[in-house]
Amino acid sequence: QVQVVESGGGSVQAGGSLRLSCAASGFPHSNGCMGWFRQPPGKEREGVATISAGGSNTYYADSVKGRFTISRVNAENTVYLQMNSLKPEDTAMYYCAGAIWGCRDGLGTPMNYWGQGTQVTVSS
């Protein structure tokens with residue numbers, strides 16, 4: 001059974017930090033691209049960050065570069081998103097997703113499996 005489960009969302013003031021976690025199981029996620037995506041209220045879903053199977057290649061949206069860091073620990077079946085210097089415009093539902101192939105298209109890599117999302121709210 002495929003499972004992609006996010007945790008770590010919450011409410012924080014601007015300038016604060018949060019770390020999101022994603023537990024993946026039931027598919028060969030350790031060999032594939034993993035990523036974080038978000039959907040702000042009333043907007044389309046967008047890519048935030050993706051990471052290659054071995055963790056050596058990462059891709060970020062311009063809006064989060066220098067503030068967010070994606071990482072993975074395959075032995076723990078977990079992907080993280082460290083979010084620092086949060087801004088109100090980072091407010092969104094954040095989704096973790098996994099692919100059975102590599103990050104061939106960076107943030108545009110098609111994902112096979114998605115989590116249910118975790119809400120992040122940043123107040124000014």
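Heavy-atom basis, side chains included; hydrogens, waters and symmetry copies ignored.
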Original post:
Taking the six-membered ring for Trp, are the ring centroids of W36 and F68 within less than 6.0 Å of each other?
Top reply: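 Centroid distance W36-F68: not below 6.0 Å, so no.
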Original post:
Would the F37 and Y95 ring centres measure less than 6.0 Å apart?
Top reply: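 Centroid distance F37-Y95: not below 6.0 Å, so no.
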Would you say the side chain of [Y] lies within less than 4.5 Å of the side chain of [X], judging by non-hydrogen atoms?
X: V120; Y: L18; answer: yes
X: L81; Y: C96; answer: no
X: C22; Y: M34; answer: yes
X: Q39; Y: E44; answer: no
X: P110; Y: R104; answer: yes
X: V48; Y: Y94; answer: yes

Subject >> Distance (rounded to the nearest 0.5 Å) between I51 CD1 and T109 OG1 >> reply: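 I51 CD1 to T109 OG1: 12.5 Å, rounded to 0.5 Å.
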Is [Y] reachable from [X] through a run of I, L, V, M, F, W or Y residues, each pair having side-chain heavy atoms under 4.5 Å apart?
X: L86; Y: I70; value: yes
X: M93; Y: V122; value: no
X: W101; Y: W114; value: no
X: V79; Y: F27; value: yes

Subject >> Pair listing, side chain to side chain donor-acceptor pair (under 3.5 Å) test, anchored in residues 3-26, at least two apart >> reply: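 Qualifying pairs: S17-N84.
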**OP:** Hey, could you give me each pair passing side chain to side chain donor-acceptor pair (under 3.5 Å) that has a residue in residues 52-62? Not counting sequence neighbours.
**Re:**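 Residue pairs passing side chain to side chain donor-acceptor pair (under 3.5 Å), neighbours aside: D62-K65.
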Taking all heavy atoms of [X] and all of [Y], pick out the closest pair and write down the distance.
X: M111; Y: G98; answer: SD-C, 3.6 Å
X: T121; Y: Q119; answer: OG1-NE2, 3.4 Å
X: G106; Y: T50; answer: O-OG1, 3.4 Å
X: N112; Y: I100; answer: OD1-N, 2.8 Å
X: A61; Y: G47; answer: CB-O, 3.5 Å
X: R38; Y: S63; answer: NH2-OG, 3.4 Å

**OP:** List for me each residue that meets side-chain hydrogen bond (donor to acceptor under 3.5 Å, both in side chains) alongside R67, sequence neighbours excluded, and say none if there are none.
**Re:**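 Residues passing side-chain hydrogen bond (donor to acceptor under 3.5 Å, both in side chains) with R67: D90.
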